[in-house]
Amino acid sequence: MPEQMFIVRIEGRENFVIEAVNPSQQAKLGNGLTCVGKHLAHLLPSPLGDGVVANCVRCVDEGMPVRYEATGCYVDKEGVRRQCRWQMLLVPIANHQGLLTHLLGIVHDPNTQPPNMGSYPQPRFQELELELERRVLDRTNELMAANLQLTYLATHDCLTETYNRRHLLDLADNELNRAIRYELPLCLMMLDIDYFKSINDEQGHMAGDQALRTVAQATLAMLRDCDLVGRYGGDEFIIILPETDIEGARAIAERLCHTLQEVSQLSVSIGIATRRHDDQTIDELISRADYLLLDAKRNGRNRIECPLTASRRNEITKGSVPLR
């Protein structure tokens, strides 16, 4: 390859360690072997080397190839000080996880004729530049798509396409901390499918899987973008409702129960907990919602159990509605 090339390893924001130089680079500077293992600044004299390092930082920050021109002088292997103008291309190199680990540098001196390469065509710097940029962009897009897929698989339940338990609890902790900080209401709803074991035993596990998907899809369709839904375990789901009081949470639960019975004849039991001023962890809300869910099961299933609001307490006291 007639162009001067080098590879550096990224060891910090401004720490680039030379791992290799090609024969053209070695022939140009006459110090290829002594540069390997040292900081990139050893490759070129200051201020030219400082400019290379600054553009390497830019290349890492942007995650994209960087092209620029620089002028300066260097001392060749015969000890002669020469003035030159360089065209520089820096290309980021990522590992299979998408993390930038190395940079490839290609230096082109437009005033230098490349050595004779026989019958092979002489590569032009601009064409090489465009081809490298195309390959980097293609590879970057592939890595981004792969990372998005891996992130989705790591955070979602594959059957219901809701959040998995670990990721849901992480997000729920963030919402609780926000509610505590700004003194906002927050409700946590726990639900499970009534007679789910019977569905599996009598209709088969595929029917049970479909029941889980039906509940998940109905729940996702009903909630806001800021609400969180996750599969807590088995046929249990947890729903986090930020900035929602107990009346709003109960209204959502009632709509969900009605929708499920209407479209699939499925019924669910639900327990709803609301944030208290002394709550410090999301586990406290989960514990109360779980206890209320058990009450809903004990009291006949297809029920919603939650703390009584003032308006509902008055209705019950007057005997206008049943305690449900």
Side-chain angles (χ1 to χ4, degrees), residues 160 162-163 165 168-194 214-232 235-324:
T160 63
T162 62
Y163 292 126
R165 177 170 175 160
L168 174 72
L169 295 182
D170 287 343
L171 296 176
D173 278 331
N174 293 336
E175 285 298 336
L176 177 62
N177 291 333
R178 189 173 73 90
I180 292 172
R181 184 181 305 116
Y182 299 108
E183 298 184 357
L184 299 171
L186 176 76
C187 283
L188 183 148
M189 185 186 305
M190 180 179 284
L191 66 86
D192 72 5
I193 302 172
D194 294 332
T214 298
V215 171
Q217 291 165 4
T219 304
L220 290 169
M222 184 172 298
L223 299 179
R224 304 166 297 178
D225 290 341
C226 64
D227 299 329
L228 308 172
V229 185
R231 187 178 177 189
Y232 190 63
D235 63 322
E236 291 181 334
F237 292 85
I238 281 181
I239 303 169
I240 307 296
L241 302 169
E243 300 184 35
T244 304
D245 59 19
I246 194 63
E247 290 184 344
R250 184 179 180 90
I252 292 171
E254 289 175 346
R255 290 202 305 273
L256 178 59
C257 290
H258 176 75
T259 299
L260 287 171
Q261 288 184 324
E262 190 175 66
V263 301
S264 64
Q265 284 89 47
L266 287 172
S267 69
V268 294
S269 296
I270 300 177
I272 306 174
T274 185
R275 183 182 77 84
R276 297 173 179 171
H277 290 293
D278 57 346
D279 285 333
Q280 297 298 315
T281 67
I282 200 66
D283 288 340
E284 295 171 85
L285 280 82
I286 292 175
S287 179
R288 293 200 300 273
D290 192 24
Y291 182 83
L292 289 165
L293 174 60
L294 290 174
D295 274 352
K297 293 290 190 182
R298 294 189 192 103
N299 293 330
R301 294 183 171 83
N302 191 24
R303 293 176 60 88
I304 301 166
E305 296 287 351
C306 63
L308 295 178
T309 63
S311 60
R312 185 164 178 81
R313 191 178 297 111
N314 290 336
E315 291 175 347
I316 293 169
T317 301
K318 297 175 183 177
S320 58
V321 296
L323 177 58
R324 179 171 183 261

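Numbering of residues begins at 1 and proceeds along the displayed sequence.
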Compare every heavy atom of [Y] with every heavy atom of [X], then report the nearest pair and how far apart it is.
X: S269; Y: R301; result: OG-CA, 3.4 Å
X: L292; Y: P307; result: CD1-CD, 4.1 Å
X: V215; Y: L260; result: CA-CD2, 4.0 Å
X: A296; Y: I270; result: CB-O, 4.1 Å
X: L169; Y: I286; result: CD2-CD1, 3.6 Å
X: L241; Y: M189; result: CD1-CE, 3.8 Å

- Do E262 and T259 come close enough that some side-chain heavy atom pair is under 4.5 Å? no
- Query: Is V268 close to F237 at the side-chain level, that is, under 4.5 Å between some pair of heavy atoms?
  - Reply: no
- Tell me, please, which residues at least two apart from D290 pass salt bridge (Lys or Arg N to Asp or Glu O under 4.0 Å). none
- Item | Those residues that, when tested against D235, pass salt bridge (Lys or Arg N to Asp or Glu O under 4.0 Å) (two or more places apart) | none
Between the side chains of [Y] and [X], is the shortest nitrogen-to-carboxylate-oxygen separation below 4.0 Å, so that they form an ion pair?
X: R288; Y: E284; value: no
X: K297; Y: D192; value: yes
X: R178; Y: E175; value: yes

Drop me the distance from [X]'s [atom1] to [Y]'s [atom2], to the nearest 0.5 angstrom.
X: T281; Y: I180; atom1: OG1; atom2: CD1; result: 8.5 Å
X: I240; Y: L176; atom1: CD1; atom2: CG; result: 9.0 Å
X: I272; Y: L188; atom1: CD1; atom2: CG; result: 9.5 Å
X: I304; Y: D295; atom1: CD1; atom2: CG; result: 14.0 Å
X: T274; Y: L186; atom1: OG1; atom2: CG; result: 7.0 Å
X: T219; Y: I238; atom1: OG1; atom2: CD1; result: 12.5 Å

- Task: Step by step, work out the salt bridge (Lys or Arg N to Asp or Glu O under 4.0 Å) result for R276 and D279.
- Result: CA-CA 5 Å; R276 297 173 179 171; D279 285 333; 5.6 Å; no
